[in-house]
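These numbers come from the heavy atoms of this one structure, side chains and all, not from hydrogens, waters or symmetry mates. Letters go in sequence order (proteins before strands), and every chain restarts at 1.
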Amino acid sequence: MDLLEIKNLHANVGEKQILKGLDLNIKKGEVHVIMGPNGAGKSTLANIIFNNPQYKVTAGEINFEGESIKNLKTDEIAKKGIFISFQTPEEVPGISVTNFLKAAKNARNNEPIKIFAFKKELEENMKKLNMNTSYSTRDLNVGFSGGEKKKNEILQMLTLNPKLAILDETDSGLDVDAIKTVSKGISIFKNENNAVLIITHGTKILQEINVDYVHILVDGKIIKTGDSLLADKIEKEGYEQFRN
Amino acid sequence: MSKTNIEEVNRNIYDIKNKNEYSYKTIGLTPNVIKDISKQKNEPQWMLDLRLKALEIYENLEMPTWGPDLSELDMSKIATYVRPKTDMKKSWEDVPDDIKNTFDRLGIPEAEKESLAGVGAQYDSEIVYHSIKDQLVKQGVIYTDFDTAVKEYPELVKEYFTKCVPMTDHKFIALHYAVWSGGSFVYVPKGVKVDIPLQSYFRLNAKGAGQFEHTLIIVDEGASLQFIEGCSAPKYNEINLHAGCVELFVKENSFLRYSTIENWSKNMLNLNTKKVIVDKNGKIEWVTGSFGSKISMLYPMSILNGENAKCEFTGISFAGTGQNLDTGLKIVHNAENCSSVVNSKSISKGGGACTFRSNVSVRKRAKNSKITVSCESLMLDSISRSDTIPTNSIENEDVEFSHEAKIGKISDQAIFYLMSRGISEEEAKAMIVRGFADPISKALPLEYAVEMNNLINLELEGSIG
């Protein structure tokens, strides 16, 4: 059974149609990459999977582990085991990184988490991502640099340990070292029981990751699927060849 | 799906009413009522004269022509004095059960054991319990109910009473002086540092009644004090009135932190007056959380009267359905090198209105003044209101002044972000609101920060259909 199955997905932002019949199947153990030019619908796809109220599905299906998640609320989708690393993570004053993650973990578990073990796990994960552990007491993303915000997303991914992680342009705006750290985080996370969907412009983030499929998204549809060599080709030649 | 209205949510501990029992009660506002109150209290003549003079002033002053509509207040119907069925006790064991239980539920005796150096508890018009640690008594600290202070420390009371807040300030302070009853009197002698807070709690149980407590605190030279006041009342269908008065004196090199957690019921008109006079090198810190009342008009005033005097104000108000919280502050810089930092926040939801009025006045002689005012408002829906009304009068050029006001709605993107991690919509909103209030929570003692978070949760409960 597919972990994620998207069939003929059509979606709008306001009145504007962005996705125009998108199909995508992701199985456990796989790493998928979606590349595409600006405005192709990459971020729309990520937001639609999470039922962001600003977007609207007009046709098609989204199934996770065989069940439709199309009409679930965002928090219910997350609790099924899907994670999204946002392109521009929100700054939320007055909530520390630790308390935020604690609330997220508690929302998933029936019984409250054990604080000591949780803190230990969090610190270990922070070290893996070369994050200063003092960030755990800081307000969520407030005053974080672009790189720190992205690392914080990856930290959340490691700590919440989802079945499917969607990384929306996690590499954009990052320097080489930060991209390496993010790649490392993905490698630590990845195993045969979960899957990763990387939405990206560039290929640097892919260099240290074993990619199974690369999809090219243009004008709301996946128009070509290949292996990691396709990403290299795009890097060299751009998307022009795929436009009508 | 059924929608729970916030008004219907059980405000649990705050809302439990006791039977309407009292040993004496006056209704309305006439010279005879005032003579009656004074007689009940067995007061000296000078206090009765002061009350009668205040009544005269009250009758000659106009109602405020600005701010919320107070036309539903009918003073002839307000119970101006309600003496509970007990006199003041020094042990909780001696306080009648129902009254003791009320304070038990509010956590006062427990807090007293764990984290307070003294407690005053007022029930309707009179203090029913007062205590202070022996250690402080030995150091000369006075912390007692006001009636006792009038009798036992007449010189101190005469020297300071009405000297910070004159009875001519406005109509409701004149009303206060005419019918005042209860409240606490604190004197901290020179050089004495009271590290553990004192707390006075004011509970109004009687229906249709007014509470007019007078709190007077003198922190003498080089001394320091933290004082907490809490207040609450169960809800009735008729108007209750609170017109208390707080007079604070912060002497040279001394420090006072005055914290308030106000949770009056939503039939309360809260027309309270607070003022401090700060001398050279003194510092006042105001910390306030205002949740209750139907209408509030409250603008604590700080007069920085000596060089290097400092004022810090940290406050939050939360207005829900049917609430109009008109609050703010006044600051006067009256000497050189004074500084003031104001950090005010407000939250409104369900059609509630928050207005923040600030009035900063820097006198000509107050060179090298520094003033920072920041106010931030959060509206949880599109039917709520929030206004910021600053008025400033700066009479010299040597002033650093900044005023920053932000009014915003709760961010849908932030809610989505939290929900994307599995947090429910209701909890996401509550977390964002608690986060917004966090700088104020941090300024409160732990137990009160917890209480404030509980109040926020209570206010938000059932707000999502």
Answer key: most heavy-atom pairs under 4.5 Å with chain A among Ala414(B), Gly435(B), Ala428(B) is Gly435(B)
Under 4.5 Å to a heavy atom of chain A? For Phe436(B) that would be backbone
Between chain B and chain A, are any donor-acceptor pairs under 3.5 Å, and how far apart is each one to 0.1 Å?
{"unit_1": "Gln413(B)", "atom_1": "NE2", "unit_2": "Gln54(A)", "atom_2": "OE1", "d": "3.0"}
{"unit_1": "Tyr417(B)", "atom_1": "OH", "unit_2": "Asn141(A)", "atom_2": "ND2", "d": "3.2"}
{"unit_1": "Tyr417(B)", "atom_1": "OH", "unit_2": "Glu153(A)", "atom_2": "OE2", "d": "2.3"}
{"unit_1": "Tyr417(B)", "atom_1": "OH", "unit_2": "Gln156(A)", "atom_2": "NE2", "d": "3.1"}
{"unit_1": "Arg421(B)", "atom_1": "O", "unit_2": "Arg108(A)", "atom_2": "NH2", "d": "2.6"}
{"unit_1": "Arg421(B)", "atom_1": "NE", "unit_2": "Gln156(A)", "atom_2": "OE1", "d": "2.5"}
{"unit_1": "Arg421(B)", "atom_1": "NH1", "unit_2": "Ile84(A)", "atom_2": "O", "d": "2.6"}
{"unit_1": "Arg421(B)", "atom_1": "NH2", "unit_2": "Ile84(A)", "atom_2": "O", "d": "3.1"}
{"unit_1": "Arg421(B)", "atom_1": "NH2", "unit_2": "Glu153(A)", "atom_2": "OE1", "d": "2.8"}
{"unit_1": "Arg421(B)", "atom_1": "NH2", "unit_2": "Glu153(A)", "atom_2": "OE2", "d": "3.4"}
{"unit_1": "Arg421(B)", "atom_1": "NH2", "unit_2": "Gln156(A)", "atom_2": "OE1", "d": "3.2"}
{"unit_1": "Glu425(B)", "atom_1": "OE1", "unit_2": "Lys73(A)", "atom_2": "NZ", "d": "2.7"}

Atom CZ of Arg357(B) with >12 non-hydrogen neighbours under 6.0 angstrom:
yes
Scanning both residues in full, the closest heavy-atom pair of Gly422(B) with Ala78(A) reads N-CB, 3.3 Å
Those residues at least two apart in sequence (or on a different chain) that pass side chain to side chain donor-acceptor pair (under 3.5 Å) with Lys310(B) are none
Contacts of Phe189(A) meeting ring-ring contact (aromatic ring centres under 6.0 Å, His included) (sequence neighbours excluded), chain-then-number -> none
Those residues at least two apart in sequence (or on a different chain) that pass side chain to side chain donor-acceptor pair (under 3.5 Å) with Asn270(B) are His242(B), Ser296(B)
Bottom line for Leu101(A): the part with an atom under 4.5 Å from chain B's heavy atoms is neither
Turns out that what part of Ile84(A) lies under 4.5 Å from chain B's heavy atoms comes down to both
